[in-house]
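Working notes, beginning with the structure itself.
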Amino acid sequence: RVPFEGERKAFLTTRQAPFLMRDAGDVFFFTAMSWMITELWKKRRYLLGIVIPVLTSVLMEVYQYLFHCGDADIDDVLLNTFGVVLGVLIYRLIIEKIKENELC
């Protein structure tokens, strides 16, 4: 299956993008998840902040595929991974800077 093919076709035929709300929710959830994991660990925080949420996302999709519940989709893994990377970047570039300034 081609990633985002269904969403593209739906948008072209209806000119509406209702899937964006669901997809945005996935991105924000995994952004927050990676952000919290990065905050919890001191050693290898960025590695764990990426690996744990991405593995969680993949396992959720594998579960959906194997047990025919939900909609197993590569789009979800891609969007979730984007959210994970976004969360770690926000932590690294913004939150760490804020915490450093508070300590001074």
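Given the structure is predicted, the values throughout are model-derived calculations rather than measurements. Basis for what follows: all heavy atoms, side chains included, without hydrogens, waters or symmetry-related copies.
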**OP:** Among residues two or more places apart or on two chains, list those pairs meeting salt bridge (charged side-chain N to carboxylate O under 4.0 Å, His left out) that have a residue in residues 33-52.
**Re:**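 Every salt bridge (charged side-chain N to carboxylate O under 4.0 Å, His left out) pair that includes a residue of residues 33-52, provided the two are not neighbours, is Glu39-Lys99, Arg45-Glu96.
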
Quick check on the hydrophobic clustering: are [X] and [Y] connected, directly or via other members, by side-chain heavy-atom contacts under 4.5 Å?
X: Tyr63; Y: Ile74; result: yes
X: Leu59; Y: Phe67; result: no
X: Leu40; Y: Tyr46; result: yes
X: Phe30; Y: Val62; result: yes
X: Tyr91; Y: Met36; result: no

Original post:
Closest approach of Ser34 and Gly49, non-hydrogen atoms and distance?
Top reply: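 Between these two residues, the closest heavy atoms are CB-O, 3.1 Å.
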
Subject >> Closest contact, heavy atoms only, Glu61 versus Asp73 >> reply: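 Looking at all heavy atoms of both residues, the closest pair is OE1-N, 2.8 Å.
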
**OP:** Verify, without hydrogens or angle tests, whether Ser57 (side chain) and Pro53 (backbone) share a donor-acceptor contact under 3.5 angstrom.
**Re:**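 Here the side-chain-to-backbone pair does not exist.
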
Original post:
For Phe82, does the CZ atom have more than 12 heavy-atom neighbours from other residues, nucleotides or ligands under 6.0 Å away?
Top reply: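 Check fails, neighbour count at 12 or below.
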
Quick one: pull up [atom1] in [X] and [atom2] in [Y] and give me the separation to the nearest 0.5 Å.
X: Thr81; Y: Asp26; atom1: OG1; atom2: CG; answer: 11.0 Å
X: Leu48; Y: Ile37; atom1: CG; atom2: CD1; answer: 8.0 Å
X: Leu86; Y: Phe28; atom1: CG; atom2: CZ; answer: 8.0 Å
X: Trp41; Y: Ile52; atom1: CH2; atom2: CD1; answer: 4.0 Å
X: Asp23; Y: Asp75; atom1: CG; atom2: CG; answer: 7.5 Å

Original post:
Under the side-chain contact (heavy atoms from CB on, under 4.5 Å) test, which residues partner Ile50, sequence neighbours left out?
Top reply: Val54, Val84, Val88

